[in-house]
Structures are given as C-alpha cells and as structure tokens.
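Below: one structure, written as structure tokens.
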Number of protein chains: 2
Amino acid sequence: MSSYSPSETSDKTGFSIDTLRYYEKIGLLPGIARNAAGRRVFSDDDLRWLDMLRCLRETGMPIAEMLRFTELARGGAGTLQERVELLREHDRRVEEQIARLRAQQAQIQWKIGVYRDAAPVCPSIWTPDWAPV
Amino acid sequence: MSSYSPSETSDKTGFSIDTLRYYEKIGLLPGIARNAAGRRVFSDDDLRWLDMLRCLRETGMPIAEMLRFTELARGGAGTLQERVELLREHDRRVEEQIARLRAQQAQIQWKIGVYRDAAPVCPSIWTPDWAPV
DNA sequence: GTTTGACCTGGAGCGCGCTCCAGGTCGCAC
DNA sequence: GTGCGACCTGGAGCGCGCTCCAGGTCAAAC
C-alpha cells in the first residue's frame, strides 16, 4: 500500500484534512496526485514530506520559510547547497530555543523553590510574594 | 531609583508600552501606581513581576493561565501551594518541549546529512530529494 | 434510483496576542 | 501662551495559521 486518501493521510500525519488542503493550496504540497474523480491521492513520499513539514513547523519555522524550502526542494539537485544552508540556519535557531528554554526553566524552578521555602513561614501574615521575580 | 515611567519600563523589560497597557488592562499587572497626572509609575517589584511574566510567556504559557497565576499571587500566602503546583505543571511542559525540540533537531540534522551526502552525486540528474523525510 | 458519506471548491471566520489609532490631557521649555 | 512630547483612553485592526461553511460532485450500497 502506498497511496492514501485525505482522511488516511490525516490519521497518519496528524494534520487535519483542512490543513492538508490549505498546505496544498499555498504551495507546501506541490504535485499531490488526483484520482479520476478529482480527489487527492497521497503517496508515501507525500507522507514523508509532511513529516518533514511538521518537524519544521513545530520547531517554529514560519510558513513563508517552509515555502521557500519547498520551492528549493522542487528545484532539484542544484539547490542542495541552499537547502543545507537553510536547514543549518534553522538548526542554529532550534539550538538557541533550547538554550533559552533551559534558562527559563531554571528561573521557574528557582521560583518554585522560593514558594516552597516561603510556605511554612508565618502562614497568617501577608507575605509579599507578589512581585519577587 | 525605584520608580519608572512607561518608556523606561519598556526599555528595561523589552515589552512595548502598548503591551504594558494591555497587560494592565487584562489583569496581569494589578496595582500599578499612578502619579498625580494619571500616568503609570512602575516599581522595582513591577519590573521583577514583568520578568516572571516574560519567562512564563516565552515558555509558552497562555495568557489565560498567566492570569490565573497572577490572581493566585495576589491571593497571598494561602495560595502558595496552588502556585507551586501551577509552576510544577508548567515546568513539566517545558521539559517536554525541550525533549521534543531535541528530537526534532536530530531530524533536521539527519536531513542535513542526507543533503550533504547527496550533493556530489550525479549533479546533472534529477534526484528525487523531494519527499525523503 | 436514491441515499449516504467522503470528498471537492472558494472564501469567510476565528483565536491569540498584541499593535495601532484618534482624540485628549498634562507639564515643561521657550 | 504656545509648542512639544510623553502619556492617557477606548476601541478598531492586524498577522499568523489554521478552521469552518455552503453548495456541489461522485461512487458504492441498498
């Protein structure tokens, strides 16, 4: 089996049917086949491409850039270098994202510590938890 | 110095003045002082609170939940346990976020490798880079 | 031959988190 | 006393990424 209806594709990829249509419409899914009745027929390659799109999307790549990537991919081997550069740049951004999240997580955990330490102290007196970082 | 005009606060926190007004309006910044002319006066505590808000916001907490956290913080010491629970739950989500990003980053790097390996091969022939994950 | 249900299209609508705008009020500099 | 610039308010508007809708087509089931 290597061709899938819209609803099968939706099930397999987690994208809603509406999103699949939207992605095809804006150009993120060029060359989706159609059957005699005009209905979309997705291939295994399409599913793999959707998997890549999801990865890029969920790591915060804007649709405009995914579109550029898609156009490069359609451009064939001559665009490989550009694709590598685009993905490298994105990889750097993901790295930064992770680093920032780690730092922010430390702040959250520190705050949890502040609250835990404050908890047993003077339960009847107003403590100005309000504001301290 | 421990009181700041809107523009100073904007400079120090990175939030735009419009966002500061918006946050006050929806309840994320209760109790912002005003001077005789009705203008906002931010304190060091306000700046620290804004710092916390930014941390929560940038780690993906929706405004509705930040609002709940703000209300708890205003509620005084009696809400410490709830605040700890809320932050712990958020901390878990941040942890998941980081784990997902790491996995997705691996996928991106793998794809970069695929492209790099493909690069020197048959530059004149159409290679179906299109689709492979 | 009719019903059903999955699919089609173009286009409107939505939720979030701001961002911008018009029209007004101050306080200070000149 | 005029100008300027920072600030005020309520409310409209926006950009993104979908999501929903109305009205239609087609194929298989009964």
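The chains referred to below are lettered A, B, ... by the order of the sequence lines, with proteins before strands, and numbering in each begins at 1.
Separating the CD atom of B:E65 from the C1' atom of C:dC16 is a distance of 15 Å, rounded to the nearest angstrom. When the P atom of D:dT25 is taken as reference, atom CG of A:N35 falls 17 Å away, rounded to whole Å. If you take CZ of A:F42 and P of C:dA6, they are 16 Å apart, rounded to a whole angstrom. Rounding to whole angstrom units, CD of residue B:E24 and C1' of C:dC18 are separated by 16 Å. The interatomic distance linking A:L67 (CG) with D:dC18 (P) rounds to 13 Å, in whole Å. The distance from atom CD1 of A:I17 to atom P of D:dC18 is 16 Å, rounded to the nearest whole Å. Between A:L20 atom CG and C:dC8 atom P there is a gap of 10 Å when expressed in whole angstrom units. If you measure from atom CD of A:E58 to atom C1' of D:dC16, you get 16 Å, rounded to the nearest angstrom.
In this structure, the nucleotide among C:dC18, D:dG17, D:dA6 sitting nearest to the side chain of B:Y22 is C:dC18. Relative to the side chain of B:I63, the nucleotides C:dT19, C:dG17, D:dG17 differ in distance, and C:dG17 lies closest. For A:R39, whose side chain is taken as the heavy atoms from C-beta onward, the closest listed nucleotide among C:dC7, D:dT19, C:dT19 is C:dC7. Closest to the side chain of A:P6, from the set D:dG17, D:dC7, C:dC7, is C:dC7.
Note on A:R54 versus A:D51: salt bridge recorded, some NZ/NE/NH1/NH2 to OD/OE distance being below 4.0 Å. Salt bridge A:R74/A:E71: absent, no basic N to carboxylate O contact under 4.0 Å.
Taking side-chain N and O atoms only, A:S7 has a distance below 4.0 Å to OP1 or OP2 of C:dC7. Between B:S5 and D:dA6, a side-chain N or O to OP1/OP2 separation shorter than 4.0 Å is absent. Contact check, A:T19 against D:dT19: a side-chain N or O comes under 4.0 Å of OP1 or OP2.
Taking all atoms of both residues into account, the shortest heavy-atom contact from B:R34 to B:V41 is C-CG2, 4.2 Å. Nearest heavy atom pair, residue A:C55 against residue B:I108, reads SG-CG1, 3.8 Å.
As judged by a 4.0 angstrom heavy-atom cut-off over every strand, B:R40 is placed among residues touching the sugar-phosphate backbone only. Contacts of B:R57 with the nucleic acid, taken as non-hydrogen atoms under 4.0 Å apart, involve only primed sugar atoms and P, OP1 or OP2. Within 4.0 Å of B:Y23, counting heavy atoms only, lie sugar-phosphate atoms of the nucleic acid but no base atom.
With the nearest nucleotide of DNA chain D identified for both A:A37 and A:D18, A:D18 has the one nearer the 5' end. Of the two residues near DNA chain D, B:R21 and B:K25, the one whose nearest nucleotide lies more 5' is B:R21.
Between A:L86 and A:M61 there is a side-chain heavy-atom pair separated by less than 4.5 Å.
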